[in-house]
Number of protein chains: 2
Amino acid sequence: MACREAASLEAALAQVAELCTARGVRLTAQRRRVLELVWRSDKPMGAYDILAAIQAEQPKAAPPTVYRALDFLLAQGLIHKLQSLHAYVGCAHPGQPHAGQFLICTACGEVTELADPGVEHSLGKVAAASGFVADAPMVELSGTCCGCRVDDE
Amino acid sequence: MACREAASLEAALAQVAELCTARGVRLTAQRRRVLELVWRSDKPMGAYDILAAIQAEQPKAAPPTVYRALDFLLAQGLIHKLQSLHAYVGCAHPGQPHAGQFLICTACGEVTELADPGVEHSLGKVAAASGFVADAPMVELSGTCCGCRVDDE
DNA sequence: GCTGTTATGTAATAACATAACGTTTTCCCC
DNA sequence: GGGGAAAACGTTATGTTATTACATAACAGC
Ligand SMILES: [Zn+2]
Ligand SMILES: [Zn+2]
Ligand SMILES: [Zn+2]
Ligand SMILES: [Zn+2]
């Protein structure tokens with residue numbers, strides 16, 4: 001989400017709470033805590049990173065605690081899983097579940113989520129040409145972001 | 001590679017041997033065995049599937065045995081890793097290391113490797129627009145292949 | 001044959017994820 | 001407000017994927 005300032009984070013969480021109410025699903029304390037952690041982080045977080053953070057205030061937490069919350073947040077389209085990193089990031093435009101394209105800088109660890117119509121169109125075309133019905137496109141580009149490339153010189 | 005017939009498999013392995021010689025790298029017995037296993041399989045193979053197969057004839061094999069061979073084959077562009085499955089498939093057109101797009105049927109497990117210029121172009125454009133230099137595009141589409149969709153009815 | 005390099009053996013462990021089952025909480029209908 | 005179903009959570013154990021670390025062996029060039 002890239003909204004690390006406390007104010008906008010609180011606002012975003014409030015919006016999410018409304019969204020969940022509207023959908024008839026429950027944003028429990030644990031789910032909210034996990035979502036907040038992921039959103040606060042400027043880097044993708046591994047499940048066990050999240051677990052460690054939660055255990056600071058709730059020592060009884062265990063892997064299922066985290067994975068259940070992550071499953072919920074994924075299903076609600078509030079976070080994404082980066083398969084190439086085994087890590088999770090907040091969604092840049094939460095709402096309906098969706099897939100995006102992710103630019104992953106291997107130098108600084110920053111991740112940018114895109115939703116480029118051109119990419120989505122070409123993926124749709126190529127799938128259709130093969131008679132394939134895609135339900136979960138995964139597009140992850142590892143590389144070097146603009147800032148890190150400049151720094152290299 | 002989708003070449004499961006013994007004859008073409010042998011031919012392909014011979015070609016690969018030449019390729020490695022030309023590059024000054026060694027296609028050792030273990031690497032060759034792993035490549036053959038992956039190519040023979042009509043489904044993506046997990047590292048531990050490969051390990052189990054190898055241990056049948058070589059009981060001393062251990063995880064690093066397999067992962068080293070896989071690393072070599074990946075570096076040489078002879079196989080691909082499917083991040084969404086934690087599994088490995090033979091490359092459809094081995095040669096230089098490269099990235100493709102993968103259609104993964106969740107019904108039958110078949111994987112199709114594409115190298116669509118349209119997709120690659122749109123990915124290049126979107127990366128360039130962000131000032132991002134991608135070195136490893138990963139595109140995997142989970143869904144249902146043509147054959148399985150027909151069978152469903 | 002000596003030497004630096006590449007490949008392999010071996011053991012242990014790290015990192016990521018799920019199964020299984022019982023208990024608690026919440027929600028909804030009566 | 002009480003009872004029952006569903007959802008969420010606690011807890012323990014285990015499964016699965018991948019790596020570290022260090023010792024040994026095979027190979028190539030001198
Ligand atoms: Zn998103
Ligand atoms: Zn960067
Ligand atoms: Zn390929
Ligand atoms: Zn299929």
Side-chain angles (χ1 to χ4, degrees), chain A residues 17 20-35 37-38 41 43-76 78-89 109 138 140 142, chain B residues 16-17 20-35 37-38 41 43-76 78-89 109 138 140:
Chain A
C20 288
T21 304
R23 286 181 187 168
V25 297
R26 285 189 267 168
L27 185 68
T28 64
Q30 292 203 70
R31 291 166 175 174
R32 190 190 143 101
R33 200 174 300 136
V34 170
L35 178 58
L37 279 168
V38 172
S41 171
K43 303 270 161 64
M45 291 187 83
Y48 279 68
D49 297 337
I50 296 169
L51 178 58
I54 287 188
Q55 281 178 330
E57 20 179 282
Q58 189 183 348
K60 62 193 168 180
T65 309
V66 171
Y67 282 103
R68 283 169 182 154
L70 290 173
D71 286 346
F72 171 85
L73 297 171
L74 286 168
Q76 297 301 318
L78 300 171
I79 63 173
H80 294 284
K81 175 171 187 179
L82 299 176
Q83 294 280 10
S84 57
L85 298 181
H86 303 291
Y88 303 81
V89 290
M138 191 202 87
E140 299 177 17
S142 291
Chain B
V16 166
C20 288
T21 305
R23 286 181 188 167
V25 297
R26 286 188 267 168
L27 185 67
T28 63
Q30 292 204 69
R31 292 166 175 175
R32 191 191 142 101
R33 199 175 301 136
V34 170
L35 179 57
L37 278 168
V38 172
S41 171
K43 303 270 162 62
M45 291 187 83
Y48 281 71
D49 297 337
I50 296 169
L51 178 59
I54 287 189
Q55 280 177 329
E57 19 179 284
Q58 189 183 346
K60 61 193 168 181
T65 310
V66 171
Y67 281 103
R68 283 166 181 156
L70 290 172
D71 286 346
F72 172 85
L73 297 170
L74 285 168
Q76 297 301 319
L78 300 170
I79 63 173
H80 294 284
K81 175 170 188 180
L82 300 176
Q83 293 280 7
S84 56
L85 297 181
H86 304 292
Y88 303 82
V89 289
M138 211 152 20
E140 300 176 19

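Below, read A as the first sequence line, B as the second, and so on, with proteins coming before strands; counting in each chain starts at 1.
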Practice task
Round to the nearest Å and state the distance from B/Leu51 atom CG to D/dT17 atom P.
Solution key: 11 Å

Exercise for the section: Output the distance between atom CD1 (B/Ile50) and atom OG1 (B/Thr65), rounded to the nearest 0.5 Å. Expected result: 12.0 Å

Exercise for the section: Tell me whether B/Tyr48 is stacked on the nucleobase of D/dT17, counting only the six-membered base ring and applying the 5.5 Å and 30° thresholds. Expected result: yes

Problem - Atom pair distance, as rounded to whole Å: CZ in A/Arg31 and P in C/dT26 - result: 12 Å

Problem - B/Gln55 CD - C/dT10 P separation (whole Å) - result: 12 Å

Exercise for the section: Starting from the 5' end of DNA chain C, give me the residue, B/Val25 or A/Ala87, whose nearest nucleotide shows up first. Expected result: B/Val25

Practice task
Please determine, by modelled atom types, if B/Gln58 and B/Arg33 share a side-chain donor-acceptor pair under 3.5 angstrom.
Solution key: yes

Practice task
Ignoring the backbone of B/Lys60, work out which of C/dG9, C/dA7, D/dA18 is nearest its side chain.
Solution key: C/dG9

Exercise for the section: Determine: side-chain N/O of A/Lys81 to OP1/OP2 of C/dA17, distance under 4.0 Å, yes or no. Expected result: yes

Practice task
Indicate, with a heavy-atom threshold strictly under 4.0 Å, whether A/Gln58 touches base, sugar-phosphate, or nothing.
Solution key: sugar-phosphate

Exercise for the section: Under 4.0 Å between any heavy atoms, over every strand shown, what does A/Tyr88 touch: base, sugar-phosphate, or nothing? Just pick one. Expected result: sugar-phosphate

Fill in the blank from the handout: Out of C/dT18, C/dA7, D/dT19, minimum distance to the side chain of A/Tyr67 belongs to C/dT18

Practice task
Could you go through the side-chain contact (heavy atoms from CB on, under 4.5 Å) check for B/Glu140 and A/Gln83 one step at a time?
Solution key: CA-CA 10 Å; B/Glu140 300 176 19; A/Gln83 294 280 10; over 6 Å; no

Problem - pair B/Leu73-B/Tyr88: side-chain heavy atoms closer than 4.5 Å - result: no

Exercise for the section: Establish, with yes or no, whether the OP1 or OP2 oxygen of C/dT5 is under 4.0 angstrom from a side-chain nitrogen or oxygen of B/Arg26. Expected result: no

Problem - Atom-to-atom span, CD of B/Gln30 to P of D/dC27 - whole angstrom - result: 13 Å

Practice task
Among C/dG9, D/dT19, C/dT18, find the nucleotide with the atom closest to the side chain of A/Pro63.
Solution key: C/dT18

Handout entry: Close side-chain approach of B/Phe72 and B/Val34, heavy atoms under 4.5 Å
Key = no

Practice task
Please work out which of the three classes, parallel, tilted or perpendicular, describes the rings of B/His86 and A/His86, given edges at 30° and 60°.
Solution key: parallel

Exercise for the section: Specify the separation, in whole Å, of atom CG of A/Leu85 and atom C1' of C/dA15. Expected result: 14 Å

Handout entry: Atom-to-atom span, CD1 of A/Ile54 to P of D/dC9 - whole angstrom
Key = 11 Å

Exercise for the section: Using only side-chain N and O atoms of B/His86, determine if any of them is under 4.0 Å from OP1 or OP2 of D/dA18. Expected result: yes

Handout entry: Reported CG-to-CD1 distance for the pair B/Leu70 and B/Ile79, which is rounded to 0.5 angstrom
Key = 4.5 Å

Practice task
Return the value, rounded to whole Å, for the distance between atom CE of A/Met45 and atom P of C/dA17.
Solution key: 14 Å

Handout entry: Axis-to-axis angle between the two ends of the helix from C/dG1-D/dC30 to C/dC30-D/dG1 (five base pairs per end, rounded to 10 degrees)
Key = 30°

Practice task
Would you mind telling me which of C/dT10, C/dT8, D/dC9 lies closest to the side-chain atoms of B/Pro64?
Solution key: C/dT10

Handout entry: Nucleotide of C/dA17, D/dA18, C/dA20 approaching A/Arg68 most closely (side-chain heavy atoms)
Key = C/dA20

Handout entry: Whole angstrom value for the distance that separates C1' of C/dT18 from CG of A/Asp71
Key = 10 Å

Practice task
Could you walk me through whether A/Arg31 and A/Gln76 pass side-chain contact (heavy atoms from CB on, under 4.5 Å), step by step?
Solution key: CA-CA 11 Å; A/Arg31 291 166 175 174; A/Gln76 297 301 318; over 6 Å; no

